[in-house]
Participant: 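Quick one: structure below, then a few questions.
What you see below is based on every heavy atom in this structure, not just the backbone, and it leaves out hydrogens, waters and symmetry mates. Throughout, residue positions are numbered sequentially from 1 according to the sequence presented.
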Amino acid sequence: MDITIIERVSKENFNEIIYPKREPVILRGVDVGHCVQKWNLDYLACHASQQEVKVHVSSSCQMDFLNKNFLYRSLPFQEFLQRAFEDVHQSYFIDQNEKYYLRALGDDPRKDVADISVQFPHLAKDVNIPELFERDRFFSSVFRIASRGVQLWTHYDVMDNLLLQIIGRKRVVLFHPKDVEHLYMNGDKSEVLDVENPDLNKYPKFSAARPYSGYLEPGDILFIPALWFHNMTYEDPGVAVNIFWRHLEEKLYDSKDPYGNHDPLPAQRANQIVDRAIKALEELPQEYREFYARRLCHRIRSKVCVKEKELKDKELGTNYIDIFL
């Protein structure tokens, strides 16, 4: 399914029509600032702070966070830019065709949230963050740069976000939260790296997942609702900025999480309870384990799953909404 493209959306239309549907859309024609016209390799090198940045380096285009097929290395920002924008390197860590990916961090990655206005203040002046959400909900703005061909692992975020594409073309593939059972999850990440050509012998259930796909051009904005799985491929050397904001009440998020990717606190507690339930069931013979596991799953689904009819009754959406709370 193609991701819907909407031209020149207003804040009112976004909040009244698009946002309540909780589906990804590509927003085109929205003012994201002078960055689209100004930014190129030379401009970034001249106007960015010249601190060292910690980057992912891999010999593979498909970066795998679960199996860590990359190294973490630090480079001066100018040198990293040069390497990220070239295909063959004279200086390298692994081989001359290695790929690079930067997800900018806070000044103290253990405590500080990423904010382009703090880490790259001169560049931040060129970026206009669209006023599509309440400013007191703002959490972070993440500066991202990657080599041509880099494909990032499929994962979900627990906050809503806008992806501002500034340089290069990007292929995006997303999956509905209800596809969680088909994506072979390990934490918040899918084990399926190649979502375009998956190994269905190894991941047979993946064939039931329904992808939403599209391309981002410079100046486009992708709205990614919380819990939607997303996979990104850089068709060109690319630069983007992610804006994350709190969709839920602030008290539900982990205040000690500078990356903003920990599950909400109630979900963390639920996972801990499930771990204890699994350990308890292991004391029973196999036949009993399976029986009571199925009973528990049925109880959870019957109590927690929001059915389409109930959503209609609450006037929260149309017939395609079928999410898990």
Participant: So do Ile221 and Leu163 actually touch side chain to side chain, heavy atoms under 4.5 Å?
Facilitator: no

Participant: Less than 4.0 Å between a side-chain N and a carboxylate O, is that true for Arg169 and Asp236?
Facilitator: no

Participant: Could you walk me through whether Phe206 and Phe175 pass the side chain to side chain contact (heavy atoms under 4.5 Å, CB included) test, one step at a time?
Facilitator: CA-CA 11 Å; Phe206 186 80; Phe175 298 92; 3.7 Å; yes

Participant: Hey, does the side chain of Lys68 reach the backbone of Phe65 with a donor-acceptor pair shorter than 3.5 angstrom?
Facilitator: yes

Participant: Using a 3.5 Å distance criterion without hydrogens, assess whether the side chain of His176 forms a donor-acceptor pair with backbone atoms of Lys178.
Facilitator: yes

Participant: Using the rule that two of Ile, Leu, Val, Met, Phe, Trp, Tyr join whenever any of their side-chain heavy atoms come within less than 4.5 Å, decide whether Val36 and Ile26 are in one cluster.
Facilitator: no

Participant: With a 6.0 Å cut-off on the ring centroids, do Phe85 and Tyr100 count as close?
Facilitator: no

Participant: Distance from Lys205 atom NZ to His182 atom NE2, nearest 0.5 Å?
Facilitator: 7.5 Å

Participant: Where does the angle between the aromatic ring planes of His47 and Tyr43 fall among parallel (under 30°), tilted (30 to 60°) and perpendicular (over 60°)?
Facilitator: parallel

Participant: I'd like to check the salt bridge (Lys or Arg N to Asp or Glu O under 4.0 Å) partners of Glu196; sequence neighbours left out, ordered by chain and number.
Facilitator: Arg171

Participant: Taking the side chain from Arg103 and the backbone from Arg144, do they hold a donor-acceptor pair closer than 3.5 Å?
Facilitator: no

Participant: Any heavy-atom pair between the side chains of Tyr234 and Ile145 that's under 4.5 Å?
Facilitator: no

Participant: Please check if the side chain of Asn13 supplies one atom and the backbone of Val9 the other of a donor-acceptor pair under 3.5 Å.
Facilitator: no

Participant: Find the distance between CD1 (Ile5) and CG (Leu27) and round it off to the nearest 0.5 Å.
Facilitator: 10.5 Å

Participant: Quick one: does Cys35's side chain get under 4.5 Å of Val239's, heavy atoms only?
Facilitator: no

Participant: For the hydrophobic clusters of this structure (ILVMFWY residues joined by side-chain heavy atoms under 4.5 Å, transitively), does one cluster hold both Val173 and Leu200?
Facilitator: yes

Participant: Got Leu132 and Leu162 here, is their nearest side-chain heavy-atom distance under 4.5 Å?
Facilitator: yes

Participant: Do the side chains of Val32 and Val127 get nearer than 4.5 Å, heavy atoms only?
Facilitator: no

Participant: Hydrophobic cluster membership, with links at side-chain heavy-atom distances under 4.5 Å among I/L/V/M/F/W/Y: are Val150 and Met232 in one?
Facilitator: no

Participant: Salt-bridged, Lys170 to Glu217, with N to O below 4.0 Å?
Facilitator: no

Participant: For Phe70 and Asp64, work out which heavy atoms get closest and say how close.
Facilitator: CE2-O, 3.5 Å

Participant: With hydrophobic residues grouped by side-chain heavy-atom distances under 4.5 Å, do Phe77 and Val57 end up in a single group?
Facilitator: yes

Participant: Under 3.5 Å, side chain of Thr154 to main-chain N/O of Ser190, donor-acceptor pair present?
Facilitator: no

Participant: So, does Asn186 use its side chain to make a donor-acceptor pair with the main chain of Lys189 at under 3.5 Å?
Facilitator: no

Participant: Measure across Ala104 and Val142 and return the closest heavy-atom pair with its distance rounded to 0.1 Å.
Facilitator: O-CG1, 4.0 Å

Participant: Tell me whether His298 contacts the main-chain N or O of Arg294 through its side chain, where contact means a donor paired with an acceptor under 3.5 Å.
Facilitator: no

Participant: How close do Leu227 and Pro177 get, counting heavy atoms only, and between which atoms?
Facilitator: O-CG, 3.4 Å

Participant: Taking all heavy atoms of Gln119 and all of Val113, pick out the closest pair and write down the distance.
Facilitator: NE2-O, 4.0 Å

Participant: Minimum heavy-atom separation for Pro198 and Val192, please, with both atom names.
Facilitator: CB-CG1, 4.0 Å

Participant: May I ask you to say whether Asp87 pairs ionically with Arg148, meaning some side-chain N is under 4.0 Å from a carboxylate O?
Facilitator: yes

Participant: Return yes when atom CZ of Arg8 has more than 12 non-hydrogen atoms of other residues, nucleotides or ligands closer than 6.0 Å, and no otherwise.
Facilitator: no

Participant: Any side-chain donor paired with an acceptor under 3.5 Å for His230 and Asp157?
Facilitator: yes

Participant: Salt bridge or not for Arg22 and Asp160, using N-O below 4.0 Å?
Facilitator: yes

Participant: What distance separates Tyr253 OH from Gln268 CD, expressed to the nearest 0.5 Å?
Facilitator: 12.5 Å

Participant: Please step through side-chain hydrogen bond (donor to acceptor under 3.5 Å, both in side chains) for the pair Asp220 and Tyr215, ending with a clear verdict.
Facilitator: CA-CA 9 Å; Asp220 285 351; Tyr215 288 90; over 6 Å; no

Participant: For Asp179 and Leu183, indicate whether the former's side chain and the latter's backbone hold a donor-acceptor pair under 3.5 Å.
Facilitator: no

Participant: May I ask you to say whether Lys251 pairs ionically with Glu249, meaning some side-chain N is under 4.0 Å from a carboxylate O?
Facilitator: yes

Participant: Kindly check if the number of other-residue, nucleotide or ligand heavy atoms within 6.0 Å of CD (Glu7) is above 12?
Facilitator: yes

Participant: Rounded to the nearest 0.5 Å, how far apart are CG of Asn242 and OG of Ser140?
Facilitator: 7.5 Å

Participant: Does Gln165 use its side chain to pair, donor to acceptor, with the backbone of Ile167 at less than 3.5 Å?
Facilitator: yes

Participant: Mind checking whether Leu102 and Phe80 have side chains closer than 4.5 Å, heavy atoms only?
Facilitator: yes

Participant: For Lys256, is there an ion pair with Asp254 - N to carboxylate O distance below 4.0 angstrom?
Facilitator: no

Participant: Less than 4.5 Å apart, any side-chain heavy atom of Pro130 and any of Phe14?
Facilitator: no

Participant: Can you sort out the partners of Arg289 under salt bridge (Lys or Arg N to Asp or Glu O under 4.0 Å), two or more places apart, ordered by chain and number?
Facilitator: none

Participant: List the steps, then state whether side chain to side chain contact (heavy atoms under 4.5 Å, CB included) holds for Leu216 with Val172.
Facilitator: CA-CA 7 Å; Leu216 299 181; Val172 295; 3.9 Å; yes

Participant: Taking atom SG of Cys61 and atom CG of Asn97, what is their separation to the nearest 0.5 Å?
Facilitator: 9.0 Å

Participant: Which heavy-atom pair separates Tyr156 from Gly187 by the least distance, and what is that distance?
Facilitator: CE2-O, 4.2 Å

Participant: Decide yes or no for Pro225 and Pro24: does some side-chain heavy atom of the first lie under 4.5 Å from some side-chain heavy atom of the second?
Facilitator: yes

Participant: Answer with yes or no after comparing the ring centroid distance for Phe139 and Trp245 against a 6.0 Å cut-off, counting only values under it.
Facilitator: no

Participant: Tell me whether Val158 is reachable from Met185 by hopping between hydrophobic residues (I, L, V, M, F, W, Y) whose side-chain heavy atoms are closer than 4.5 Å.
Facilitator: yes

Participant: Roughly how far, to the nearest 0.5 Å, is the OG1 atom of Thr4 from the CZ atom of Phe223?
Facilitator: 12.5 Å

Participant: Using only heavy-atom distances, determine whether the side chains of Glu290 and Gln286 contain a donor-acceptor pair under 3.5 Å.
Facilitator: yes

Participant: With side chain to side chain contact (heavy atoms under 4.5 Å, CB included) as the criterion, how do Phe138 and Asp115 come out once you've worked through the C-alpha distance, each side chain's angles and the decisive distance to 0.1 Å?
Facilitator: CA-CA 10 Å; Phe138 172 84; Asp115 187 339; 4.2 Å; yes

Participant: Is there a donor in the side chain of His247 and an acceptor in the side chain of Tyr19, or the other way round, less than 3.5 Å apart?
Facilitator: yes

Participant: Using the side chain to side chain contact (heavy atoms under 4.5 Å, CB included) rule, take Arg83 and Leu75 through it: C-alpha gap first, then chi angles, then the decisive distance, then the call.
Facilitator: CA-CA 10 Å; Arg83 293 195 191 191; Leu75 285 169; 4.0 Å; yes

Participant: Using a 3.5 Å distance criterion without hydrogens, assess whether the side chain of Asn69 forms a donor-acceptor pair with backbone atoms of Gln62.
Facilitator: yes

Participant: Quick one: do the Asp126 and Trp39 side chains pair a donor with an acceptor below 3.5 Å?
Facilitator: yes

Participant: With ILVMFWY side chains joined below 4.5 Å, transitively, what does Phe291's cluster contain besides itself?
Facilitator: Leu281, Leu284, Tyr288, Tyr292, Leu296

